[in-house]
K.L.:
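Here you go, one structure.
Within every chain, numbering begins at 1; the chains are lettered A, B, ... in the order of the sequence lines, protein sequences first and strands thereafter.
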Amino acid sequence: MNKIRVRFAPSPTGFLHVGGLRTALYNYLFARKNNGVFVLRIEDTDRTRYVDGAVENLIDTLSWCSLDFDEGPQKGGMYGPYIQSERLDIYKNTVGQLIEKKKAYYCFCSPESIDTLRKDQQNVNQQTKYDKRCLKLTTQDIEEKLKSGIPYVVRLNIESDQTVVVDDIIRGRVEFDSNLLDDQVLIKSDGYPTYHLANVVDDHLMEISHVIRGEEWLPSTPKHVLLYDAFGWERPIFAHLPLLLNPDRSKLSKRQGDVAVEDYRSKGYLKEALINFVALLGWNPGTEQEIFTLSELVEQFSIDAVNKAGAVFNIEKLNWLNFEHLRMKPDAEILQILKEQIDKSPPDYIRYSDEKLLAIIQAMRPRMSFIKDIFEKSQYFFLPPSDYDQEVISKHWKSETPEHLKILLEEFSKLEHPKKEDYEKALHQAASMLKIGNGKLIHPVRLAVSGVGGGPGLYDILYIIGKEESLRRIKKAIERIKPQ
RNA sequence: GGCGCUAUCGUCUAAGGGUUUAGGACGCCGCCCUCUCAAGGCGGUAAUACGGGUUCGAAUCCCGUUAGCGCUACCA
């Protein structure tokens with residue numbers, strides 16, 4: 001059996017799309033699962049759409065996702081170069097074979113005349129298709145036109161009345177009528193190959209065994225298959241992946257939310273969550289497992305089990321997965337990231353020791369889906385409350401509350417280097433002196449130190465912000481909050 | 001318009017002729033736990049697009065309809 005070799009072949013027109021990530025992931029999983037080779041190839045044959053820095057960005061994003069490729073730009077390999085714009089001679093030469101065999105031909109028709117032809121066909125509701133006019137040119141005609149420098153393209157000569165059969169791992173047998181297929185341009189007038197030519201030539205030369213790509217390519221696969229046949233090359237095995245969809249079920253696109261992997265990265269999503277999420281969009285192992293690491297995915301992935309129907313990219317499940325993967329992360333790792341973010345925070349934010357930061361992390365673990373939630377959901381750790389939740393005031397801040405808190409303040413003041421249990425004991429002590437329930441103190445104190453009604457255990461908060469800051473905040477609240 | 005693909009809870013999906021009063025997960029709702037908010041535990045909500053066939057039996061196979069999407073470029 002031949003070696004399994006797959007490729008991810010994006011065009012560098014911007015950022016890595018989450019749909020692209022899913023395609024890359026399935027290729028990666030298939031390769032790793034089957035001891036194959038995962039190739040990255042850059043398809044930059046459209047010079048008008050080229051975006052500077054996109055290749056570097058693509059590689060960087062892939063590597064952030066831990067989808068390491070075995071061959072590709074920067075990395076190298078036996079089948080390079082891996083950037084199509086550096087392979088122009090190869091395409092020119094291979095297409096020459098086709099022209100000799102009359103499987104391809106020069107076409108000197110201007111874009112304008114093709115356009116008119118197409119419009120005329122549309123007007124009478126006909127299949128839009130090139131009429132093979134230039135196929136009738138004699139050798140002398142062609143020589144002359146070439147010599148006089150008329151721009152030309154090279155087209156694939158598709159035979160009529162053929163049934164083209166595509167076998168697809170995911171979709172089974174799909175048939176196409178060659179009469180409906182246009183004589184595809186292979187070489188553009190700027191000398192660059194089209195996707196169709198470059199893709200087929202490279203997949204052959206790079207010995208790609210399985211072409212795993214998005215479903216949008218299924219309609220052009222018969223052209224690719226015919227190209228393999230024209231060259232006399234063995235076809236790869238095809239697998240066309242279901243599309244990723246917007247909530248309205250159109251093909252996933254910008255305008256309806258983030259589509260760039262980079263967007264999710266900068267919003268604080270974990271690569272583990274993103275990978276886990278896109279892996280499940282179109283595939284699952286048939287068990288009830290929902291949380292996967294990359295290596296578990298490698299172990300369990302099977303291309304045959306991929307679904308046929310498109311999948312809506314639903315952010316809610318991604319958020320949940322982020323929560324789940326975040327809770328699997330060791331404290332030390334979260335601490336590292338948290339410290340980086342604190343370095344970038346405003347100067348009036350309280351700076352804590354690692355020990356206190358760890359305490360914050362532990363307190364926030366069941367309350368955060370993102371590390372940045374530590375700032376967004378519990379800013380009070382870093383900044384005194386600027387105002388107090390009105391609902392909590394009316395519920396818990398009674399006319400007797402200020403007096404109660406003054407007694408509590410006395411108890412807290414006696415504490416030396418208090419731990420959370422010491423705050424708890426002191427509060428219980430004050431409550432029993434006042435002959436009131438603990439809640440009569442707990443809720444107002446929570447409001448005083450945090451400004452809000454929810455959050456981690458009160459004693460955790462007090463311990464983290466420390467005795468001095470706690471006393472200061474409680475005093476301040478007594479001054480500022482008017483009893484209800 | 002033509003061609004192609006697809007169709008199970010709102011969403012991701014399981015079941016691939018009988019084990020199914022269609023299973024799980026996210027979300028949503030309720031209860032328990034509880035100083036609050038979460039988390040957790042328990043429970044609930046909710047689907048085989050429609051119509052024909054084949055079969056003793058259909059979510060599952062076949063045909064049609066409908067709907068959605070994709071493609072129809074010298075873009076990929």
Side-chain angles (χ1 to χ4, degrees), chain A residues 9-13 43-46 48-49 107 109-111 114-115 118 121-122 124-129 151-155 166 168 170-171 174-177 179-182 184-196 198-199 213-222 240 242-243 245-251 277 280-291 307-321 323 327 363-368 377-378 392 395-396 424 427 437-443 445-447 450 452-459:
Chain A
S11 50
T13 55
E43 311 223 321
D44 58 343
T45 54
D46 184 356
T48 60
R49 294 212 304 163
C107 170
C109 295
S110 68
I114 300 283
D115 217 43
R118 194 162 20 231
Q121 289 168 333
Q122 270 168 355
V124 290
N125 257 337
Q126 228 180 39
Q127 185 69 26
T128 56
K129 213 177 131 184
Y152 66 91
V153 300
V154 177
R155 286 180 184 273
V166 174
D168 188 283
I170 296 166
R171 276 150 226 288
V174 186
E175 292 186 3
F176 299 87
D177 177 358
N179 294 327
L180 270 14
L181 263 24
D182 203 356
Q184 193 62 53
V185 170
L186 265 17
I187 300 278
K188 301 183 246 183
S189 58
D190 65 1
Y192 276 67
T194 56
Y195 169 87
H196 308 284
N199 191 264
R213 80 228 299 195
E215 195 194 338
E216 68 268 29
W217 293 110
L218 190 57
S220 43
T221 306
H240 287 93
L243 258 19
L245 272 22
N246 290 312
D248 71 357
R249 304 204 77 89
S250 57
K251 186 172 159 184
F277 179 62
L280 260 16
L281 256 21
W283 172 85
N284 80 88
T287 65
E288 289 185 353
Q289 184 176 356
E290 299 277 346
I291 313 291
N307 294 129
K308 295 175 167 74
V312 172
F313 190 94
N314 183 251
I315 202 93
E316 310 242 288
K317 192 149 187 177
L318 173 59
N319 290 343
W320 172 73
L321 282 168
F323 169 81
R327 79 182 342 201
M364 288 303 291
R365 263 190 185 281
R367 295 174 176 80
M368 62 177 180
K377 291 189 176 166
S378 58
V392 184
K395 202 168 174 197
H396 294 295
E424 186 167 6
L427 187 138
N438 297 332
K440 287 261 186 282
L441 290 173
I442 290 173
H443 295 294
V445 173
R446 171 182 293 286
L447 180 67
S450 73
V452 293
L458 174 64
Y459 309 115

K.L.:
Provide the distance between the two C1' atoms, one in B/rA7 and one in B/rG51, to the nearest whole Å.
P.N.:
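It comes out at 15 Å once rounded to the nearest Å.
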
K.L.:
Would you indicate which nucleotide in B/rG70, B/rG23, B/rA39 comes nearest to any side-chain atom of A/K251?
P.N.:
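Of the candidates, B/rG70 comes closest.
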
K.L.:
Between A/K308 and A/E215, does at least one N-O distance fall below 4.0 Å, as a salt bridge requires?
P.N.:
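A/E215 and A/K308: not salt-bridged.
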
K.L.:
Separation of A/L318 atom CG from B/rA25 atom P, in whole Å?
P.N.:
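Computing the A/L318:CG to B/rA25:P distance gives 19 Å.
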
K.L.:
Checking base pairs now: Watson-Crick or wobble, both atom distances under 3.5 Å. What partners B/rG1?
P.N.:
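Base partner found: B/rU72.
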
K.L.:
Between A/Y459 and A/I442, what is the shortest heavy-atom contact and its length?
P.N.:
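Nearest heavy atoms, A/Y459 then A/I442: OH-CD1, 3.6 Å.
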
K.L.:
Taking B/rC75 as the reference, what is the distance to B/rC71 when you measure between their C1' atoms (whole Å, please)?
P.N.:
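Rounded to whole Å, the distance is 13 Å.
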
K.L.:
What integer distance in Å separates A/D168:CG from B/rG70:C1'?
P.N.:
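It works out to 14 Å between those atoms.
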
K.L.:
Under a 3.5 Å threshold, yes or no: a donor from one side chain and an acceptor from the other, between A/R213 and A/H240?
P.N.:
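Short answer, yes.
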
K.L.:
Starting at CZ of A/R367 and ending at P of B/rU36, how long is that distance when rounded to a whole Å?
P.N.:
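So the CZ-P distance, A/R367 to B/rU36, works out to 11 Å.
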
K.L.:
Testing the basics here: between A/D182 and A/T128, what is the closest heavy-atom pair and its distance to 0.1 Å?
P.N.:
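That closest heavy-atom pairing would be OD2-O, 4.3 Å.
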
K.L.:
On a whole-Å scale, what distance lies between the C1' atoms belonging to B/rA49 and B/rU60?
P.N.:
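Here B/rA49 and B/rU60 have their C1' atoms 16 Å from each other.
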
K.L.:
A/R118 side chain N/O closer than 4.0 Å to the phosphate oxygens (OP1, OP2) of B/rC74?
P.N.:
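So the side-chain polar atoms of A/R118 do come within 4.0 Å of the phosphate oxygens OP1 or OP2 of B/rC74, strictly under.
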
K.L.:
Which heavy atom in A/F323 sits nearest to a heavy atom in A/R365, and how many Å separate them?
P.N.:
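Minimum heavy-atom separation between A/F323 and A/R365: CE1-O, 3.8 Å.
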
K.L.:
Tell me every residue that passes side chain to side chain donor-acceptor pair (under 3.5 Å) with A/H196, counting only those two or more places apart in sequence or in another chain.
P.N.:
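With neighbours one apart ignored, the set is A/H224.
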
K.L.:
Considering every strand and a 4.0 Å limit on heavy-atom distances, what is the contact class for A/G455: base, sugar-phosphate, or nothing?
P.N.:
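It contacts base atoms.
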
K.L.:
Is there a Watson-Crick or G-U wobble partner for B/rG10 with both distances under 3.5 Å, and which nucleotide is it?
P.N.:
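By the stated definition (distances under 3.5 Å), B/rC26 pairs with B/rG10.
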
K.L.:
Whole-Å distance between B/rC75 C1' and A/D190 CG?
P.N.:
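Nearest whole value for this atom pair: 12 Å.
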
K.L.:
Report the base-pairing partner of B/rU65 (Watson-Crick or G-U wobble, both distances below 3.5 angstrom), or none.
P.N.:
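Check on B/rU65: paired to B/rA49, both distances under 3.5 Å.
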
K.L.:
Can you work out whether A/W320 or A/S220 has the more 5'-proximal nearest nucleotide on RNA chain B?
P.N.:
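Result: A/W320.
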
K.L.:
Would you mind classifying the nucleic acid contact of A/V185 as base, sugar-phosphate or nothing, using non-hydrogen atoms under 4.0 angstrom?
P.N.:
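The residue A/V185 makes sugar-phosphate contact but no base contact.
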
K.L.:
Starting at CD of A/E288 and ending at C1' of B/rC26, how long is that distance when rounded to a whole Å?
P.N.:
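After rounding, the reported distance stands at 14 Å.
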
K.L.:
Identify the two heavy atoms, one from A/V312 and one from A/P247, that lie closest to each other, and give their separation to 0.1 Å.
P.N.:
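Distance-wise, the nearest heavy atoms are CG1-CA, 3.7 Å.
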
K.L.:
Please report, rounded to the nearest Å, how far the C1' atom of B/rC37 is from the CZ atom of A/R365.
P.N.:
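Computing the A/R365:CZ to B/rC37:C1' distance gives 18 Å.
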
K.L.:
Could you tell me the Watson-Crick or G-U partner of B/rU34, where both distances fall under 3.5 Å? Say none if there is no partner.
P.N.:
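Paired with no nucleotide.
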
K.L.:
Could you check A/H196 against A/R327 and say which one's nearest nucleotide on RNA chain B is further toward the 5' end?
P.N.:
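It is A/R327 whose nearest nucleotide is closer to the 5' end.
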
K.L.:
Atom CD of A/Q184 and atom P of B/rC71: how far apart are they, to the nearest Å?
P.N.:
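Checked: the CD to P distance equals 14 Å.
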
K.L.:
Roughly how many Å is it from CD1 in A/I315 to P in B/rA25, rounded to a whole number?
P.N.:
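Distance, rounded to whole Å: 22 Å.
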
K.L.:
Of the options B/rA76, B/rG23, B/rG70, whose atoms approach the side-chain atoms of A/W217 most closely?
P.N.:
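Minimum distance to the A/W217 side chain belongs to B/rA76.
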
K.L.:
Is A/K440 near enough to B/rC35 that one of its side-chain N or O atoms lies under 4.0 angstrom from OP1 or OP2?
P.N.:
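No.
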
K.L.:
Quick one: which of B/rA76, B/rC35, B/rA39 gets closest to the side chain of A/T45?
P.N.:
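My answer, after comparing the listed nucleotides, is B/rA76.
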
K.L.:
Expressed in whole Å, how much space separates the C1' atoms belonging to B/rG52 and B/rA58?
P.N.:
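Pairwise C1' distance, B/rG52 against B/rA58, rounds to 13 Å.
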
K.L.:
Between B/rG1 and B/rA46, how far apart are the C1' atoms? Round to whole Å, please.
P.N.:
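That atom pair is separated by 39 Å.
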
K.L.:
Say we look at B/rG2 and B/rU11: how far apart would their P atoms be, to the nearest angstrom?
P.N.:
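The same atom, P, in both gives a distance of 29 Å.
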
K.L.:
What nucleic acid atoms does A/D46 come within less than 4.0 Å of, heavy atoms only: base, sugar-phosphate, or nothing?
P.N.:
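Sugar-phosphate, backbone atoms only, no base.
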
K.L.:
With P as the reference atom in both, quote the distance from B/rA22 to B/rC62 in angstrom, rounded to an integer.
P.N.:
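Between the two P atoms, the distance is 24 Å.
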
K.L.:
Reading nucleotides 1-14 of chain B from the 5' end, what letters show protein touch, with B for base, S for backbone sugar-phosphate only, - for no heavy atom under 4.0 Å?
P.N.:
SSSSSSS---SBSS

K.L.:
Between B/rC29 and B/rG53, how many Å separate the two C1' atoms, rounded to a whole number?
P.N.:
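Their C1' atoms lie roughly 42 Å apart.
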
K.L.:
Would you say the side chain of A/E43 lies within less than 4.5 Å of the side chain of A/N199, judging by non-hydrogen atoms?
P.N.:
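In contact.
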
K.L.:
Should the heavy atoms of other residues, nucleotides or ligands under 6.0 Å from NZ of A/K440 be counted, would the total exceed 12?
P.N.:
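Incorrect, the count does not exceed 12.
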
K.L.:
Mind checking who B/rA58 pairs with, Watson-Crick or G-U wobble, both distances under 3.5 Å?
P.N.:
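Pairing partner, where one exists within any strand: none, as none qualifies.
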
